Amino acid sequence: MSEAAAISKTGSKKSKYFALGWSMTIHSALMYFITAGLVADGLNVVIPSYEAAYGITRGQMNMAAAAAGWIGILGGFIFAGIVMKKGPKSVTIVSLILAGITVIIFGQMKTITGFALCLIAIRFVVSGIGFTTTNTLVSNWFIKKRGIAFGIATIGLPLATAIYVPIASILIQRFSIGTAFLIIGIVIIAMAPITYFWIKNPPEEAGLSPDNADLSDEEIARLKAEVESPASDWTVAKLLKNKEVWLISLSYGFLFVVTIGIVTQLVPRMMDQGYEMNKAVGYLSAAAVIGIIGSYLWGWLDQKFSVRSASVVYCIWYIIAIGLLLTGGKSTTFLAIFFVGIALGGIGNLSPSMVAYTFGRSEFASVSRIIGVIVGIVSPLGFAIMGISYDKTQSYDTGYMVLIGFAVVAAVLIFLVRKNYN
């Protein structure tokens, strides 16, 4: 091959990688958006709407949501196993179809039994488009630029708070619960054929390499075979005995505890300070918008320094945010909203980036299935801590102080994480 032809080929691969690679992060952001909208943020609209329409109590629906969360852990584990064998593309397509159908059925439920069963089903199937598949896709395409890639992909999480919630609210108010979820379900199903043509499991599938490294066609073919048929030595038993698995699971699990504890009680906390509910919800939405900036910021810090350094700074940032909330004064409200908002954009991208950093690209799905289960078991403590704090003291202050302790411990555990591959 002549020098000119080689340069032309290299330039062609570079432009192709740029277009395809970064579009994978956009697709992942859409999947995060759907996931958060259906199983988390959307409940802010769903619960009061069902209560008004069908008389189902909020307590009953919250219990159903809790049960759905626990069962979702099983879904994440199962789908992660399938991703290991089939790759994220096929799992995402099937899960989108199942999620859309289940959402449509969900809109027709008028009893707590139907509500609970459908919410559990949604939580289970959405695991197939959530963290395991999206994170595996991003880690397949990016190694050196992993931090920025995850930072862009996880913008979908705060976007769900800022966009999905008001859209769902408008649809329900303008039409009905059933029609609203029919529309949402059809849109989700429509994403399945789009995904079929859009997604390339690893870059090697498109004749490219991770980070667009300058590799020969033979090397790319070898990497493709490794990704598509990974020979992982990480059994469940070996993973459960691995120190880094527990360090990552507990540290980021604790940070999810902090996130849940702060975000789920931010509106009632502000109402206790004298804010009207609409204004408090508006501040929560503002925090979500700020979280979009935070997603990129934490990804940049990961890229610029390291995921360990960025994660330790993230813990300190949360400690400051909680300190501002503890002051209890309106004068610090806007500053607290800013700190919380920036933090909202970090947990979704720093945790998978740490897994990829520690265990490598080829082992990502295998290791994530166990870490996801442990994090899923730990993270609901955020609800319990803040609930007990308010029930016992009529204040969230004790709960906030406990959350500071969780953030401190998380920083120490993250500092101890080391790579498990060469």
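These numbers were taken from a predicted model, which means no experiment stands behind them.
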Could you tell me whether Lys89 atom NZ has more than 12 heavy atoms of other residues or ligands within 6.0 Å of it? yes
When you measure from the side chain of Ser389 to the backbone of Gly399, do you find a donor-acceptor pair of N or O atoms at a distance under 3.5 Å? yes
For Tyr54, does the OH atom have more than 12 heavy-atom neighbours from other residues, nucleotides or ligands under 6.0 Å away? yes
Heavy-atom distance under 4.5 Å between the side chains of Ile342 and Phe338, does that happen here? yes
Between Trp141 and Pro202, is there a side-chain heavy-atom distance shorter than 4.5 Å? no
Side chain to side chain, Phe77 and Ile370, heavy atoms closer than 4.5 Å: yes
How far apart are the closest heavy atoms of Ala321 and Phe339, and which atoms are they? CB-CB, 3.7 Å
I'd like to know whether CZ of Arg418 has more than 12 heavy-atom contacts from other residues, nucleotides or ligands below 6.0 angstrom. yes
Evaluation steps, side-chain contact (heavy atoms from CB on, under 4.5 Å), between Ile337 and Met270: CA-CA 11 Å; Ile337 291 297; Met270 296 186 69; 4.2 Å; yes
Residue pair Val313 / Trp298, side-chain heavy-atom distance below 4.5 Å: yes
Measuring from Ile292:CD1 to Thr154:OG1, what's the distance to the nearest 0.5 Å? 11.0 Å
Distance, nearest 0.5 Å, that separates CD1 of Ile177 from CG of Leu182: 13.5 Å
Would you check if Leu350 and Tyr314 make a side-chain contact, meaning some heavy-atom pair closer than 4.5 Å? yes
Residues Val103, Ile122; criterion side-chain contact (heavy atoms from CB on, under 4.5 Å); working and verdict: CA-CA 7 Å; Val103 165; Ile122 289 172; 4.1 Å; yes
Which word best sums up how the rings of Phe254 and Phe406 line up, parallel for under 30°, tilted for 30 to 60°, or perpendicular for over 60°? perpendicular
Among side-chain atoms of Tyr357 and Ser306, is any donor-acceptor pair under 3.5 angstrom? no
If you take all heavy atoms of Cys315 and Ile414, which pair is closest and at what distance? SG-CD1, 4.0 Å
Heavy-atom count around Trp246 CH2 within 6.0 Å, excluding the residue itself: above 12? no
Closest heavy-atom contact between Leu157 and Gly348? CD1-CA, 4.0 Å
Ignoring hydrogens and geometry, is there a side-chain-to-backbone donor-acceptor pair from Ser251 to Ala410 under 3.5 Å? no
Can you confirm whether Ile148 sits close enough to Tyr296 that some side-chain heavy atom of one is under 4.5 Å from a side-chain heavy atom of the other? yes
Are a donor atom and an acceptor atom from the side chains of Tyr318 and Thr259 found within less than 3.5 Å of each other? yes
If you define the side chain from C-beta out and look only at heavy atoms, does anything of Ser295 sit under 4.5 Å from Asn349? yes
Would you please indicate yes or no on a ring centroid separation below 6.0 angstrom for Phe106 and Tyr50? yes
Rounded to the nearest 0.5 Å, what separation is found between the CD1 atom of Ile104 and the CD1 atom of Ile188? 8.5 Å
Between Tyr252 and Ser311, does a side-chain contact (heavy atoms from CB on, under 4.5 Å) hold up when you go through it step by step? CA-CA 9 Å; Tyr252 291 97; Ser311 296; 2.6 Å; yes
Provide the closest heavy-atom pair for Ser127 versus Gly75 in the form atom of the first, atom of the second, distance. CB-C, 3.6 Å
Interatomic distance, Ile290 atom CD1 to Ser285 atom OG [nearest 0.5 angstrom]: 11.0 Å
Will you find, in the side chains of Ser176 and Thr179, an N or O donor that is under 3.5 Å from an N or O acceptor? yes
Quick one: pull up OH in Tyr400 and CD1 in Ile322 and give me the separation to the nearest 0.5 Å. 8.5 Å
Could you grab the distance from atom CD1 of Ile199 to atom CE of Met31, nearest 0.5 Å is fine? 7.5 Å
Are the side chain of Ser23 and the backbone N or O of Leu20 linked by a donor-acceptor pair below 3.5 Å? yes
Could you walk me through whether Gln108 and Phe181 satisfy the side-chain contact (heavy atoms from CB on, under 4.5 Å) test, starting with their C-alpha distance in whole Å, then the side-chain angles of each, then the deciding distance to 0.1 Å, before giving a yes or no? CA-CA 8 Å; Gln108 307 305 315; Phe181 282 105; over 6 Å; no
Taking every non-hydrogen atom, the tightest pair across Ser351 and Ile347: OG-O, 2.9 Å
Considering all heavy atoms of both residues, which atom of Thr111 and which atom of Ile56 are nearest to each other, and what is their separation? C-CD1, 3.7 Å
Would you indicate whether the side-chain heavy atoms of Thr35 and Thr134 approach each other to under 4.5 Å? no
